[in-house]
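The next block holds one structure in the form of structure tokens; read it before the comments.
We number each residue from 1, following the sequence as shown.
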Amino acid sequence: MSLDLNKIREEIDEVDKNIVELFQKRMDLCKDVAEFKIENGKNVLDRQREAQKIEKVTSLAEGEFNSKGVDELFTQIMSLSRKLQYGLLTEHGMSEDTGFKPIEYVNKENVRVVYQGVPGAYSYQAMISYFGKDVDNFNVKTFNDAMKAVNDGSADYAVLPIENTTAGIVNDVYDLLVEYDNCVVDEVDVVVRHALLGTKDADINNIDVVYSHPQGIMQCREFLDEHPDWKRIAQENTAMSAKKVVEENINIHAAIASTMAADIYGLKVLAENINRNNENTTRFIIVAKDKVYKKDAKKVSICFTIPHESGTLYNMLSHFIFNNLNMSKIESRPMKDRSWEYRFFVEFIGNFKEPATLNALKGIKEEAVSMRIFGNY
């Protein structure tokens, strides 16, 4: 007996039609469940009930393949059911309370700003770019010191690097966002233009020692490789490298830093744009104590932890897909004292005034072990 493919497809179409009708009926019933939960103040997610349901439906399937398939199918059906219920909560005015208050703009007048490093560092440059050259400011040695200054009120804002297009994320800053109860109110990009700086009487042909931050050395590797005899010595940051050249006042020593550092410390620019990457950009975040966001903000930054179980990360990310939100970044950082478990940092396009954003945040908060909102900017 030969099989008729067209006939088989017709039967599949009929089965699919029935599945769609049953799915819609199930979603209608889920609306009733949502109404009950709203009236009685119950959480959308009931892990015990879902686990019992999965166990029951998989036991009805025949064979290992079908059992696993039913498990996956109903896991997704219940996930969709929860998303439907989160939407209904929003319609009833029970959306996620972010704890952030809207403002028209970030206040830059009569404020005090802290940055890590020394004058001339790229953090200093980012601060001047965002707040202006006349802003009241002070510098600290570490990122932690900067976050602490905002937390204890000695600074209104901190300017911290979060990511470089070539070197990647700044791990310490991500960890500090979790450690301190500060928030991100804005960001500013600084295009990195490294230069070779020397004393006023320096000659590039006589240089034998170059100071810079390890990333600065790495980003200028091609240029430095043309001078294999130069000794490369790492420093805490690029501007401190320039300062070291000034303090030593040895004309065969040079630093890789910005041209702004050259102006501040009175050094001569021996070579410009030596990183040779016009797209090399560092993104800095503006951190404040008060939980506020600009009304026209477009980016949301959060972190969350999830159960160490199969499929949980997919379930978290599905909230962005379902609400048509574009996730622009995801990073993971290992959790302290918990081997092989990670905290996920996510940025996505959204605004706290939008129902889609609030729905996604509500779903993630309900289903994650923990969630933290860093800001909307």
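Environment of NZ in Lys83: crowded, with over 12 heavy atoms of neighbouring residues, nucleotides or ligands closer than 6.0 Å. For Lys243, the NZ atom is loosely surrounded, since the number of other residues' heavy atoms within 6.0 Å does not exceed 12. Environment of CD in Glu62: sparse, with no more than 12 heavy atoms of neighbouring residues, nucleotides or ligands closer than 6.0 Å. Crowding of Gln76 atom CD: a count of heavy atoms from other residues, nucleotides or ligands under 6.0 Å exceeding 12.
You'll find the ring centres of Phe284 and Tyr130 outside the 6.0 Å limit.
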Legend entry - Arg343 vs Arg372, side chain to side chain contact (heavy atoms under 4.5 Å, CB included): CA-CA, chis, key distance, verdict: CA-CA 11 Å; Arg343 176 177 284 108; Arg372 171 88 177 277; over 6 Å; no
Inset, instruction - Check the pair Ile285, Val173 against side chain to side chain contact (heavy atoms under 4.5 Å, CB included), reporting the backbone distance first and the verdict last. - result: CA-CA 10 Å; Ile285 53 175; Val173 174; 4.0 Å; yes
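Ile264 approaches Pro119 most closely through the heavy-atom pair CD1-C, 3.8 Å. Annotation for Ile38 and Leu89: closest pair CG1-CD2, 3.4 Å, computed over non-hydrogen atoms. Residues Lys291 and Gly99 come closest through the heavy atom pair CB-O, 3.7 Å. Closest approach of Pro214 and Ala234 over heavy atoms only: CG-CB, 3.9 Å. The minimum heavy-atom distance linking Asn359 with Tyr86 is given by the pair OD1-O, 3.7 Å. For the residue pair Thr165 and Asn280, the shortest heavy atom distance occurs at OG1-CA, 3.3 Å.
Residues Val140 and Met127 are members of separate hydrophobic clusters, defined by side-chain heavy-atom contacts under 4.5 angstrom among Ile, Leu, Val, Met, Phe, Trp and Tyr. Residues Val106 and Val190 fall within the same hydrophobic cluster, defined by Ile, Leu, Val, Met, Phe, Trp and Tyr side chains chained together at heavy-atom separations under 4.5 Å.
A 4.5 Å side-chain heavy-atom check between Arg193 and Thr259 finds every atom pair outside the cut-off. At a threshold of 4.5 Å between non-hydrogen side-chain atoms, the residues Leu197 and Leu270 do not count as touching. In this structure, Val113 and Val159 have side chains that are in contact, with non-hydrogen atoms separated by less than 4.5 Å.
Using a 4.0 Å cut-off between charged nitrogen and carboxylate oxygen, Arg232 and Asp225 count as a salt-bridge pair. Using a 4.0 Å cut-off between a side-chain N of Lys or Arg and a carboxylate O of Asp or Glu, Lys68 and Glu64 qualify as a salt bridge.
The aromatic rings of Phe100 and Phe352 sit tilted relative to each other, their planes meeting at an angle between 30° and 60°. Using cut-offs of 30° and 60° on the angle between ring planes, the pair Phe320 and Phe348 is tilted. Aromatic ring pairs are classed by plane angle as parallel below 30°, tilted from 30° to 60° and perpendicular above 60°; the pair His227 and Phe223 is tilted. Taking the six-membered ring where tryptophan is involved, the planes of Phe131 and Tyr157 are tilted, since the angle between them lies from 30° to 60°.
Judged by distance alone, the side chain of Asn43 and the main-chain N or O of Glu366 form no donor-acceptor pair under 3.5 Å. Distance alone, capped at 3.5 Å, places no donor-acceptor pair between the Ser301 side chain and the Phe374 backbone. Under the 3.5 Å distance criterion, the side-chain polar atoms of Thr75 are matched with a main-chain donor or acceptor of Asp71. In this structure, the side chain of Ser258 engages the main chain of Gly120 through a donor-acceptor pair within 3.5 Å. In this structure a side-chain-to-backbone donor-acceptor pair under 3.5 Å is missing from Asn323 to Leu325. A donor-acceptor distance shorter than 3.5 angstrom exists from the side chain of Asn351 to the backbone of Ala297, with no hydrogens or angles considered.
Judged by distance alone, the side chains of Gln85 and Ser81 do bring a donor and an acceptor atom under 3.5 Å apart. A donor and an acceptor atom, one from each side chain of Ser241 and Ser212, are nowhere located under 3.5 Å apart. Asn275 and Asn277 form no side-chain donor-acceptor contact under 3.5 Å, judged by distance and modelled atom types alone. In this model, no donor atom of one side chain and acceptor atom of the other lie less than 3.5 Å apart for Asn144 and Thr142.
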I'd like a table of donor-acceptor pairs (distance under 3.5 Å, sequence neighbours excluded) in which one partner is a side-chain atom from residues 48-57, with atom names and distances.
| residue | atom | partner | partner atom | Å |
| --- | --- | --- | --- | --- |
| Glu50 | OE1 | Arg82 | NH1 | 2.8 |
| Glu50 | OE2 | Arg82 | NH1 | 2.7 |

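Legend: side-chain hydrogen bond (donor to acceptor under 3.5 Å, both in side chains) pairs involving residues 170-179, not counting sequence neighbours, sorted by first then second residue: Asp175-Arg333.
Distance check, rounded to the nearest 0.5 Å: CD of Glu236 to NZ of Lys141 gives 5.0 Å.
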